[in-house]
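Residue numbers start at 1 and run along the sequence shown. Since this is a predicted model, take the numbers as computed values, not measurements.
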Amino acid sequence: AGAQFQYLAVQKTGTQQNVGLIQLNRPQALNALCEGLMEELRQALEAMENDPQVGAIVITGSQKAFAGRAGCLPTPHVLGEGEVRCPTSFPFAAGADIKEMQNRGFQESYSKGFLSGWDKVSTVRKPIIAAVNGYALGGGCELAMMCDIIYAGEKAQFGQPEILLGTIPGSGGTQRLTRAVGKSLAMEMVLTGDRISA
C-alpha cells in the first residue's frame with residue numbers, strides 16, 4: 001500500500017495483487033491496540049478502500065501466530081501493571097493497550113474523543129476478513145467482530161475480559177457480541193471474562 005508503518009505490515013497479495021493484507025505488528029505488546037496502531041490501521045484501510053486494484057482486505061496478527069505456542073505460560077496471567085503473558089506470543093490482538101489507558105479519566109476520554117476512530121473497520125465498503133489464530137481479547141475481539149468475516153484457526157481464542165479490570169467492552173463489543181453468539185453466551189463472556197475457542 002506504499003506507506004511505511006510502525007505497528008503494521010501492509011502489502012497487496014494474491015495472484016492478481018488484489019487482496020490487501022494488514023498484519024498487526026506490535027509483538028512486544030502482544031499486538032495491544034494502542035492509539036498509534038489504530039491510527040495506522042485507519043490510514044491503511046483508507047488507502048486500500050481508495051485503491052481500485054484492491055477487492056478485499058485481510059487483517060491478521062503476525063505470521064508467527066500460525067506457528068503455535070512460543071513456550072510461554074499455558075494460560076494468560078496478569079504479571080503486574082497491566083502486563084499479560086499469553087501462550088501464543090504473537091496473537092491477533094490481545095486487546096486495547098491498558099497501560100496507555102489506565103491514567104485517563106472519563107472527562108479526558110470523552111472530551112478528546114477516545115476510541116472515536118476505532119470503528120473505521122466497520123465503515124469500509126470493501127469486504128474485510130479477520131484471520132485469527134491466537135488470542136483476540138477485549139479490543140482485539142471487538143476489532144475482529146467489526147470485520148465482515150472471521151476466519152478462526154485451531155488456536156483462536158475470543159474473549160471480552162474487561163470485567164476483570166472493573167469495566168465493560170467499550171467499542172461496540174456488547175452489541176456485536178450479542179449478535180454474533182446470542183445473548184446468553186455474550187452475557188456469560190462479558191460478565192465472567194471467560195474465553196471461547198473457535
Side-chain angles (χ1 to χ4, degrees), residues 1-13 20-48 57-73 75-104 109 114-122 124 128-147 150-153 155-162 164-165 169-173 195:
Q4 293 294 321
F5 296 104
Q6 179 180 356
Y7 302 117
L8 303 176
V10 178
Q11 65 182 13
K12 288 193 271 189
T13 188
L21 178 62
I22 301 173
Q23 291 182 304
L24 307 179
N25 188 26
R26 196 173 175 227
Q28 74 283 5
L30 300 173
N31 287 338
L33 304 175
C34 64
E35 285 189 46
L37 186 148
M38 294 308 291
E39 174 59 25
E40 288 183 4
L41 181 59
R42 186 191 62 73
Q43 292 172 13
L45 288 169
E46 283 181 2
M48 289 182 178
I57 302 165
V58 175
I59 300 175
T60 189
S62 172
Q63 286 193 11
K64 292 184 180 182
F66 306 123
R69 296 176 184 237
C72 295
L73 301 173
T75 57
H77 292 281
V78 177
L79 301 175
E81 294 192 347
E83 183 182 350
V84 178
R85 182 177 288 173
C86 294
T88 305
S89 63
F90 297 95
F92 175 75
D97 191 332
I98 302 303
K99 288 181 182 180
E100 183 179 82
M101 297 167 44
Q102 68 186 358
N103 294 323
R104 291 191 179 153
S109 296
F114 182 63
L115 300 179
S116 62
W118 283 40
D119 64 346
K120 177 63 181 172
V121 174
S122 61
V124 171
I128 300 180
I129 300 166
V132 181
N133 197 33
Y135 285 97
L137 304 175
C141 184
E142 293 173 68
L143 175 62
M145 288 188 293
M146 286 181 207
C147 296
I150 300 174
Y151 281 113
K155 295 178 182 75
Q157 294 277 315
F158 298 89
Q160 297 289 169
E162 289 87 345
L164 304 175
L165 298 173
S171 191
R195 298 184 311 262

Side chain of Asn25, backbone of Tyr7: donor and acceptor closer than 3.5 Å? no
Trace of the side chain to side chain contact (heavy atoms under 4.5 Å, CB included) decision for Lys120 with Leu41: CA-CA 8 Å; Lys120 177 63 181 172; Leu41 181 59; over 6 Å; no
Of all heavy-atom pairs linking Arg26 and Cys34, the shortest is NH1-CB, 3.4 Å
Does any N or O in the side chain of Glu40 come within less than 3.5 Å of the main-chain N or O of Phe5, such that one atom is a donor and the other an acceptor? no
For Ala136 and Cys141, which heavy atoms make the closest approach, and how far apart are they? O-CB, 3.2 Å
Taking all non-hydrogen atoms of both residues, which atom of Ala131 and which atom of Val58 are closest, and how far apart? CB-CG1, 4.1 Å
Report the distance from atom CD of Gln157 to atom CG of Asn133, rounding to the nearest 0.5 Å. 10.5 Å
What heavy-atom pair brings Glu162 and Gly138 nearest, and what distance separates the two atoms? OE2-CA, 3.1 Å
Would Ile57 and Ile129 satisfy side chain to side chain contact (heavy atoms under 4.5 Å, CB included), going step by step from the backbone distance to the final call? CA-CA 6 Å; Ile57 302 165; Ile129 300 166; over 6 Å; no
Between Met145 and Phe158, does a side chain to side chain contact (heavy atoms under 4.5 Å, CB included) hold up when you go through it step by step? CA-CA 10 Å; Met145 288 188 293; Phe158 298 89; over 6 Å; no
Distance in Å, Ile59 CD1 paired with Leu8 CG, rounded so as to fall on 0.5 Å steps: 9.0 Å
Roughly how far, to the nearest 0.5 Å, is CG of Leu45 from CD1 of Ile22? 4.0 Å
Side chain Gln23, main chain Ala9, donor-acceptor under 3.5 Å: no
For a side chain to side chain contact (heavy atoms under 4.5 Å, CB included) check, start with the C-alpha distance between Glu46 and Gln43, then their side-chain angles and the critical distance, and finish with the verdict. CA-CA 5 Å; Glu46 283 181 2; Gln43 292 172 13; 5.6 Å; no
Gap separating the CG atom of Leu24 from the CE atom of Met38, nearest 0.5 angstrom: 8.5 Å
Testing the basics here: between Val10 and Ala44, what is the closest heavy-atom pair and its distance to 0.1 Å? CG2-CB, 4.1 Å
